[in-house]
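Data first, discussion second: the structure below is written as structure tokens.
Computation of the quantities below employed the complete heavy-atom set of this structure, encompassing side-chain atoms and omitting hydrogens, waters and symmetry-equivalent molecules.
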Amino acid sequence: MNKRTGFAAAAAMALAAVTLVPAAAGASASGVGGMVVCNHGGYGFDVFADGPDSFTDDLAGSFNECADWAPAHAGQYEVGFSFPYAAPPGTIFNIRIKRAGHTTYRNFNSEGTFNTNVGRGQITRIDFYIH
């Protein structure tokens, strides 16, 4: 190998190391967790989550039906839900969101969206109670 070829090979290897190492480190740092979404109301409705990953389900109305969305990449998700038909009058969604030892409650009339997070190695649980 001549001097010029050796230098080009060394430069290419150095460039590959600089380019690939941060990308690999970033991919492992983002991590994955999971999301469990449950219907405790008995009414069927559609639900989605859109963020680093996308998920959909039609929680079709069996009491205590759950969708296990795992793995889910860590990050912020917009969660939305609605009935696939006209909502019964006066329908209220009470939503409980549990993540990392914290519980948050939200209330909606018949449909809506909200933001939540999935943490690396954690499960975010979302329970829908329909009244």
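Under the side chain to side chain contact (heavy atoms under 4.5 Å, CB included) rule, Ile95 has a single partner from Thr104, Thr116, Ile130, Ile126, which is Ile126.
Contacts of Asp53 classified as side-chain contact (heavy atoms from CB on, under 4.5 Å), with partners at least two apart in sequence or in another chain: Phe55, Ala72, His73, Tyr77. Under the rule for a side-chain contact (heavy atoms from CB on, under 4.5 Å), the partners of Asn109 that lie at least two apart in sequence or sit in another chain are Ile92. Qualifying side-chain hydrogen bond (donor to acceptor under 3.5 Å, both in side chains) partners for Asp46, counting only residues two or more places apart in sequence or in other chains: none.
Heavy-atom minimum distance, Ala74 versus Gly119: CB-C, 4.1 Å. Closest heavy-atom contact between Pro84 and Gly44: CD-O, 3.8 Å. Minimum interatomic distance between Ser110 and Ala87 (heavy atoms only, all atoms of both residues): CB-CB, 3.5 Å. Contact between Val32 and Pro71 at its shortest, heavy atoms only, is CB-CB, 4.2 Å. Nearest heavy-atom pair, Cys38 versus Asp127, reported as atom, atom and distance to 0.1 Å: CB-OD1, 3.5 Å.
Linking ILVMFWY residues whenever their side-chain heavy atoms come closer than 4.5 Å, directly or via other members, places Phe83 and Leu59 in the same cluster. By the rule that hydrophobic residues join a cluster once side-chain heavy atoms approach within less than 4.5 Å of another member, Ile97 and Phe93 end up as members of one cluster. A continuous path of Ile, Leu, Val, Met, Phe, Trp and Tyr side chains, each step under 4.5 Å between heavy atoms, connects Phe128 with Tyr85, placing both in one hydrophobic cluster. Linking ILVMFWY residues whenever their side-chain heavy atoms come closer than 4.5 Å, directly or via other members, leaves Val36 and Phe81 in distinct clusters. The hydrophobic clustering, which links ILVMFWY residues whose side-chain heavy atoms are closer than 4.5 Å, places Tyr105 and Val79 apart.
A donor-acceptor distance shorter than 3.5 angstrom exists from the side chain of Glu65 to the backbone of Ala60, with no hydrogens or angles considered. A donor-acceptor pair is defined here as one N or O able to donate and one able to accept, closer than 3.5 Å; such a pair exists between the side chain of Thr124 and the backbone of Asn117.
By the 4.5 Å heavy-atom criterion applied to side chains, Val47 and Trp69 are counted as neighbours. Between Thr113 and Phe48, the closest side-chain pair of non-hydrogen atoms falls below 4.5 Å.
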Exercise. Can Arg99 and Arg125 be said to form a side-chain contact (heavy atoms from CB on, under 4.5 Å), step by step?
Worked result: CA-CA 7 Å; Arg99 184 180 74 83; Arg125 183 175 172 100; over 6 Å; no
For this session: List the steps and the verdict of side-chain contact (heavy atoms from CB on, under 4.5 Å) for Arg96 and Thr103.
Result: CA-CA 7 Å; Arg96 180 179 63 198; Thr103 303; 3.5 Å; yes
Exercise. Could you go step by step and tell me if Asn39 and Phe63 meet the side-chain contact (heavy atoms from CB on, under 4.5 Å) rule?
Worked result: CA-CA 7 Å; Asn39 175 1; Phe63 194 70; over 6 Å; no
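Asp68 CG to Met35 CE: the interatomic distance, rounded to the nearest 0.5 Å, is 10.5 Å. The CG atom of Asn64 lies 5.5 Å from the NE2 atom of His40; values are rounded to the nearest 0.5 Å.
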